[in-house]
Amino acid sequence: MNAPTTQRQIPGRRHAIVLGASMAGLLAARVLSDHFESVTLVERDYFPEATASRRGVPQDRHLHVLLVKGEQILNQLFPKMGQDLQQLGIDRLDLPGDVYWFQGGGYKHRDPSGLSLLCMSRPYLEGYVRQQVLHIKNLVCRQGTEIRGLISSPDRTRITGVQIQERGAAHLTSLTADLVIDATGRQSKSPQWLEALGYPKPQTSIIPVNVSYTTRLYQQNARLLSDAKGICTLPVPPEGRRSGGLLPVEGNRWIVTLIGWLGDYAPTDESGFLDYAQSLPNPDIYNVIRSAQPLTDSVMHKFPANCRHHYERLSRFPQGYLVMGDALCSPNPIYGQGMTMSALAAQALDRCLQTQPNSSHNLAPSFFKAAARAIENPWRLSVSEDFRFPGVTGPKPFGTNLLNRYASQLHQTTLWDAQSTHAFFAVLTLTQAPRTLFHPQILWRVFKHWLSQLVYG
């Protein structure tokens with residue numbers, strides 16, 4: 001990934017438009033700035049002056065993590081990111097060395113793995129990325145602007161731009177482009193826009209989970225959590241449905257998010273929030289926050305379903321148009337994969353633009369296939385785990401039941417074995433493929449643990 005430039009003179013690479021300044025949109029705009037003479041970022045919101053939450057990202061007030069793989073890609077896009085964040089005092093957290101990680105009915109073996117996460121809120125990270133993107137010389141951003149529709153060629157085979165309307169304006173404005181990317185999130189209108197142009201809607205995998213997040217910020221207090229930096233408590237399906245996380249973020253604060261599957265919502269009132277925390281599979285989070293100083297009220301966000309649009313399966317698609325981010329695939333955010341999946345799609349976009357250097361019109365077939373490969377593993381990991389909860393329905397990936405039975409034994413093995421624990425977190429952070437959990441050394445450890453349970457009970 002090269003430094004942004006305004007000197008490109010490639011036919012079909014004059015102007016690109018990105019719809020939506022989400023993380024996916026920001027990363028797409030950053031990549032496009034390497035390949036197009038100019039890039040326009042269109043965003044409905046006005047950006048906050050500080051690293052505050054914004055209306056268009058209601059989920060950003062809840063616990064987020066940038067997985068290791070995502071950070072690696074962002075470091076390629078923004079080479080000074082690590083240095084900048086370190087100078088700003090952003091801490092790191094080792095998985096699992098710095099975390100009480102309770103899963104499968106016990107604590108995972110705590111031994112430093114070298115897999116570390118940046119400890120900051122979603123608005124803080126997005127604010128940093130947005131600042132870097134908005135300083136790109138060949139990029140302009142139109143804030144407070146609604147997208148009203150696509151513009152196509154007369155034969156409807158190519159998207160040639162978009163119609164926009166600035167907030168408060170009475171008229172529409174047309175922007176022409178060689179490439180338009182939809183990064184408007186779960187509420188994307190691409191399926192409807194495509195249908196209006198005579199194209200089929202993509203097949204969609206919907207797996208309802210009816211998950212809710214209730215979050216509150218607290219003042220950090222080393223006396224209340226002296227030998228760890230964070231806590232993660234996960235339920236034991238099929239009976240358990242409640243989960244929680246406590247992680248440090250900027251400003252010497254803890255972010256605490258309580259999560260319930262299938263409508264088991266954590267209340268927002270103080271006593272209800274504490275009672276819910278006490279009801280988790282272990283009391284670690286409750287034992288901290290019952291004495292910690294709250295800094296905010298509790299806020300709730302509901303997530304209805306995993307949703308994936310299979311654009312890679314379409315036989316017809318207009319040239320000059322792509323879809324990224326949650327508009328392409330939106331998995332259950334409890335697993336922390338969303339921002340990293342956007343980074344993987346941005347990486348796929350960059351590679352497609354490099355391998356098709358003479359045009360931007362017919363990127364869709366290669367991009368959607370590359371993006372589908374990039375997000376397949378995190379998607380399968382997410383929905384396979386959700387299918388452990390009775391009541392979750394939808395298209396189940398092949399082998400899910402077998403994978404979940406093995407995962408149950410693996411979780412038991414990670415309670416005592418460092419190697420299997422490190423392998424688990426390498427897959428969880430997307431630095432290794434799930435197949436590495438079936439390496440003979442890991443299989444042997446899981447089998448040995450299963451055999452000891454069989455013999456000794």
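Please read these numbers as outputs of a predicted model, since none were measured by experiment.
- With Phe424 as the aromatic partner, Lys108 meets the cation-pi criteria of under 6.0 angstrom to the ring centre and within 45 degrees of the ring axis.
- Remark: side-chain polar atoms of Ser366 are paired, donor with acceptor, to backbone N or O of Leu363 under 3.5 angstrom.
- A side-chain donor-acceptor contact under 3.5 Å links Arg380 to the backbone of Phe398.
- Annotation: Arg316, atom CZ; neighbour count of heavy atoms from other residues, nucleotides and ligands within 6.0 Å is above 12.
- Side chain to side chain, His309 and Lys201 fail the donor-acceptor criterion of an N or O pair below 3.5 Å.
- Using a 3.5 Å distance cut-off with no hydrogens or angles, the side chains of His301 and Ser212 do not pair a donor with an acceptor.
- Distance alone, capped at 3.5 Å, is enough to place a donor-acceptor pair between the Thr436 side chain and the Ala433 backbone.
- When all heavy atoms of Ala346 and Leu27 are compared, the closest pair comes out as CB-CB, 3.9 Å.
- Between Tyr199 and Trp193, a ring centre-to-centre spacing not shorter than 6.0 Å is recorded.
- A salt bridge links Glu126 to Arg54: at least one charged side-chain nitrogen sits closer than 4.0 Å to a carboxylate oxygen.
- Other residues, nucleotides and ligands contribute only 12 or fewer heavy atoms inside 6.0 Å of the NZ atom of Lys189.
- Without hydrogens or angle criteria, Arg30 side chain to Leu77 main chain gives a donor-acceptor distance under 3.5 Å.
- If you check the side chains of Tyr100 and Thr233, you find no donor sitting under 3.5 Å from an acceptor.
- Proximity of a side-chain donor or acceptor of Asp94 to a complementary backbone N or O of Ser113 within less than 3.5 Å is detected.
- Phe425 approaches Pro96 most closely through the heavy-atom pair CE1-CB, 3.4 Å.
- For CZ of Arg308, the number of neighbouring non-hydrogen atoms (other residues, nucleotides, ligands) closer than 6.0 Å is greater than 12.
- Crowding of Gln192 atom CD: a count of heavy atoms from other residues, nucleotides or ligands under 6.0 Å exceeding 12.
- Looking only at distances, a side-chain donor or acceptor of Asp178 sits under 3.5 Å from a matching main-chain atom of Arg14.
- The pair Arg241-Asp264 does not meet the salt-bridge criterion, since no charged nitrogen lies less than 4.0 angstrom from a carboxylate oxygen.
- For the residue pair Ser38 and Asn138, no side-chain donor N or O sits within less than 3.5 Å of a side-chain acceptor on the partner.
- Side-chain contact annotation: Gln163 with Thr173, donor-acceptor N/O pair under 3.5 Å absent.
- Checked by atom type, the side-chain pair Asp182/Ser190 shows a donor-acceptor distance below 3.5 Å.
- No side-chain donor-acceptor contact under 3.5 Å links Trp379 and Asn306.
- A salt bridge between Glu37 and Arg13 is absent, with no side-chain N of the basic residue lying under 4.0 Å from a carboxylate O of the acidic one.
- For Thr215 and Thr257, the side-chain atoms include at least one donor-acceptor pair closer than 3.5 Å.
- Between Tyr218 and Trp254, the distance separating the two ring centers is not shorter than 6.0 angstrom.
- The existence of a salt bridge linking Arg373 and Glu376 is excluded, since no basic side-chain nitrogen approaches an acidic carboxylate oxygen closer than 4.0 Å.
- A side-chain donor from one of Ser205 and His310 sits under 3.5 Å from a side-chain acceptor of the other.
- Under the 3.5 Å distance criterion, the side-chain polar atoms of Thr157 are left unmatched by any main-chain donor or acceptor of Asp155.
- A cation-pi geometry, defined here as NZ or CZ lying under 6.0 Å from the six-membered ring centre and within 45° of its normal, does not hold between Arg158 and Tyr321.
- Distance alone, capped at 3.5 Å, is enough to place a donor-acceptor pair between the Asn404 side chain and the Ser384 backbone.
- In this structure, Asn75 places its CG atom where more than 12 heavy-atom neighbours from other residues, nucleotides or ligands lie under 6.0 Å away.
- Between Tyr286 and Tyr276, the gap from one ring centroid to the other reaches at least 6.0 Å.
- Across all their heavy atoms, Leu41 and Gly25 have their closest contact at CD1-O, 4.1 Å.
- Considering every non-hydrogen atom in both Ala183 and Val18, the closest pair reads CB-CG1, 4.4 Å.
- Looking at every heavy atom in both residues, Pro235 comes nearest to Pro281 through CA-CG, 3.8 Å.
- Residues Asp60 and Tyr124 bring no donor and acceptor atom of their side chains to less than 3.5 Å of each other.
- With Ser152 contributing its side chain and Ile159 its backbone, the two residues share no donor-acceptor pair below 3.5 Å.
- No donor-acceptor pair under 3.5 Å is formed between the side chain of Asp350 and the backbone N or O of Val31.
- Taking both residues in full, the closest heavy atoms of Thr268 and Ser298 are given as O-CB, 3.3 Å, listed atom of the first, atom of the second, then distance.
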Inset, instruction - For salt bridge (charged side-chain N to carboxylate O under 4.0 Å, His left out), just list the numbers for Arg186 and Asp326, CA-CA rounded to whole Å, side-chain angles, deciding distance to a tenth of an Å, and then say yes or no. - result: CA-CA 5 Å; Arg186 287 177 62 89; Asp326 283 355; over 6 Å; no
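- Residues Arg92 and Ser116 have side chains that bring a donor and an acceptor to within less than 3.5 angstrom of each other.
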